[in-house]
Number of protein chains: 2
Amino acid sequence: MTRRSALPATPAYDPHAFPPFAVTVDMVVLTIADGRLQVVLVERGAPPFEGSWALPGGFVHVDESLDAAAARELTEETGVRAAKHLDQFGAYGDPDRDPRMRVVSVAYLAILPEIGALAAASDARNAELVAVDKLLRRRPARQLAFDHRAILRDAVEVARTKLETTSVATAFVDREFTLTDLRVVYETIWGETLDAGNFRRKVLSTPGFVTPTGYRAQPGPEGGKPPDLYRAGRTRLAPLDPPMRRTGRR
Amino acid sequence: MTRRSALPATPAYDPHAFPPFAVTVDMVVLTIADGRLQVVLVERGAPPFEGSWALPGGFVHVDESLDAAAARELTEETGVRAAKHLDQFGAYGDPDRDPRMRVVSVAYLAILPEIGALAAASDARNAELVAVDKLLRRRPARQLAFDHRAILRDAVEVARTKLETTSVATAFVDREFTLTDLRVVYETIWGETLDAGNFRRKVLSTPGFVTPTGYRAQPGPEGGKPPDLYRAGRTRLAPLDPPMRRTGRR
DNA sequence: GGAATAGTGTCTCTGAGACAGTATAGT
DNA sequence: ACTATACTGTCTCAGAGACACTATTCC
């Protein structure tokens, strides 16, 4: 049995002393577009799973940290600026998850207000925003490569929980937003409707969640009172205490 | 740049096609002994960090899943029976975390009611239970090998949060326990005192948390009313809704 | 004015916290 | 009796939820 302590105490790489793994990062980049939760996918341009869709990601370089690899891959593969808050939420390493070799993938969650032009990277034929519910329902519109369906499902659950316990929802909206914008984020990701008045009280009574700008937005095309504009509070990940409750009401 | 899609679509291992990593699992095995939160450590019997203390762990085998490796290492290194609930909580992969080679370690949390005889495994000189606060305070009693101090700190925070949101506390106590036993678990891990009456109401009003046995324990050496005995509820990880609140009171 | 959206006020109910009071053991 | 521990009852307060009401815009 190969054990850590059986290895020579040298920085030199001895390929026969331990089982060699490939280590990758996979990015779950979530955003809200057209009123739905969407995720960035790339169409693979090479085997395995050539032509099918997958989460963006790639190999960790020899000299970079996991977090750095995640930030790099996000920029490289989607053309999106590196987000400040990349959240590592799991490692996936089943022996057969990649037909070529033994791969352990570290999964990261990124939450963005909007995705700019999606530039397909070198090894991706294409890059698209796809509605998450189309991918996770019982009969998915697309089969994802590898175990990316499970990774995506876990990521969505992490996002749902983070909405409960932190002020991360402000990462889904533009720099200036109305409280209705923010409430729609919760409603979209949780899949339930929230009382506008109660939501308002909860957000405004949480220190550091939002800060008023003093300005108002234009009313919508169907009229209505012009809503107040806010910005994200000082700390993007302020803990909500007590947390925002998810009731399960539709 | 080496990318996943640039690799040949073959299961064969080509050591030049991707940066080779070693993948390990590290186990944070927590228990409560002598009224304190304690963790299982092993004294390393080989370089690097020979003679210093570390979390038990080791290389993932080529053909086993991460979870299986964690369960195997736990049994092998500590002689402890494989716990049902091994909780993966993070991957640690800084380039310089192991002086020998590039290692990514997947960290697991195990919670046990008591640790039997600690049998030092082949590559460990020794195995011991050590109080967690002695390791995490500003001037630690022992320096841990690698980045195991950071891993331990993260694990403790995960355990604290799991006490809030799940009924995992029953994993710290014996099969039959009193509600005072259970409350002491919270008080020990959170480092604060809880009102016995309110704690009782909260636990008993949570479906699936505990089930009464109908029996009573003997009173303590200083007398008192004999306390009712309970067992863990049906689901060891029942979600607490609303969660148990951690107030920060001492 | 009517419709639509934003925002406020208020009532109720649940649950946490504080803490007094009761129960049952040992000494 | 006294003490120690276990358990119960009760009061208060904070916060969530429901929902009516007001405010400000467009048509």
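A, B, ... follow the sequence lines: proteins, then strands. Residue 1 opens every chain.
Checked against the 6.0 Å centroid threshold, A/F199 and A/Y186 count as a close aromatic pair.
At most 12 heavy atoms of other shown residues, nucleotides or ligands fall within 6.0 angstrom of atom CD in B/Q143.
A distance of 10.0 Å separates CD1 in B/I32 from CD in B/E187, rounded to the nearest 0.5 Å. Within the model, atoms CG of B/D241 and OG1 of B/T206 stand 9.0 Å from one another, a figure rounded to the nearest 0.5 Å. Between B/T161 atom OG1 and B/M244 atom CE the span is 13.5 Å, to the nearest 0.5 Å.
Considering only side-chain atoms of B/P227, the nucleotide from D/dC19, D/dG15, D/dA6 that sits closest is D/dA6.
Rounded to an integer number of Å, the gap from B/D195 CG to C/dA20 P is 11 Å. Across the protein-nucleic acid pair, A/R201 atom CZ and C/dG7 atom C1' stand 12 Å apart, rounded to whole Å. Rounded to whole Å, atom P of C/dA16 lies 12 Å from atom OH of B/Y186. In this structure, CZ of B/R245 is placed 14 Å from C1' of C/dT14, rounded to the nearest angstrom. Following rounding to the nearest Å, B/D228 (CG) and C/dA23 (P) show an atom-to-atom distance of 15 Å. Atom P of nucleotide C/dG15 and atom CZ of B/R246 are separated by 22 Å, given to the nearest angstrom. Note: CG (B/D241) to C1' (D/dG17) measures 15 Å, nearest angstrom. In this structure, CZ of A/F199 is placed 18 Å from P of C/dT5, rounded to the nearest angstrom.
Between the base of D/dA18 and the side chain of A/N198 there is a donor-acceptor pair shorter than 3.5 Å.
Positionally, the nearest nucleotide of DNA chain C for B/S205 lies more toward the 5' end than for the other of B/G197 and B/S205.
At C/dA16, one or more side-chain N or O atoms of B/K202 fall inside 4.0 Å of OP1 or OP2 (strictly under the cut-off). Phosphate proximity of D/dC7 to B/R200: present, with a side-chain N or O under 4.0 Å from OP1 or OP2. Applying the 4.0 Å criterion to OP1 and OP2 of C/dT5, one finds that A/T180 has every side-chain N and O outside that range.
When all heavy atoms are compared, the tightest approach of A/L37 to A/F172 is CD1-CE2, 4.2 Å.
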Atom pairs under 3.5 Å: protein N/O with N/O of nucleotides 21-27 of chain D:
from	atom 1	to	atom 2	distance (Å)
D/dT24	O2	A/K225	N	3.3
D/dT25	O2	A/G224	N	3.0

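A side-chain N or O of B/Y108 and one of B/D67 form a donor-acceptor pair less than 3.5 Å apart.
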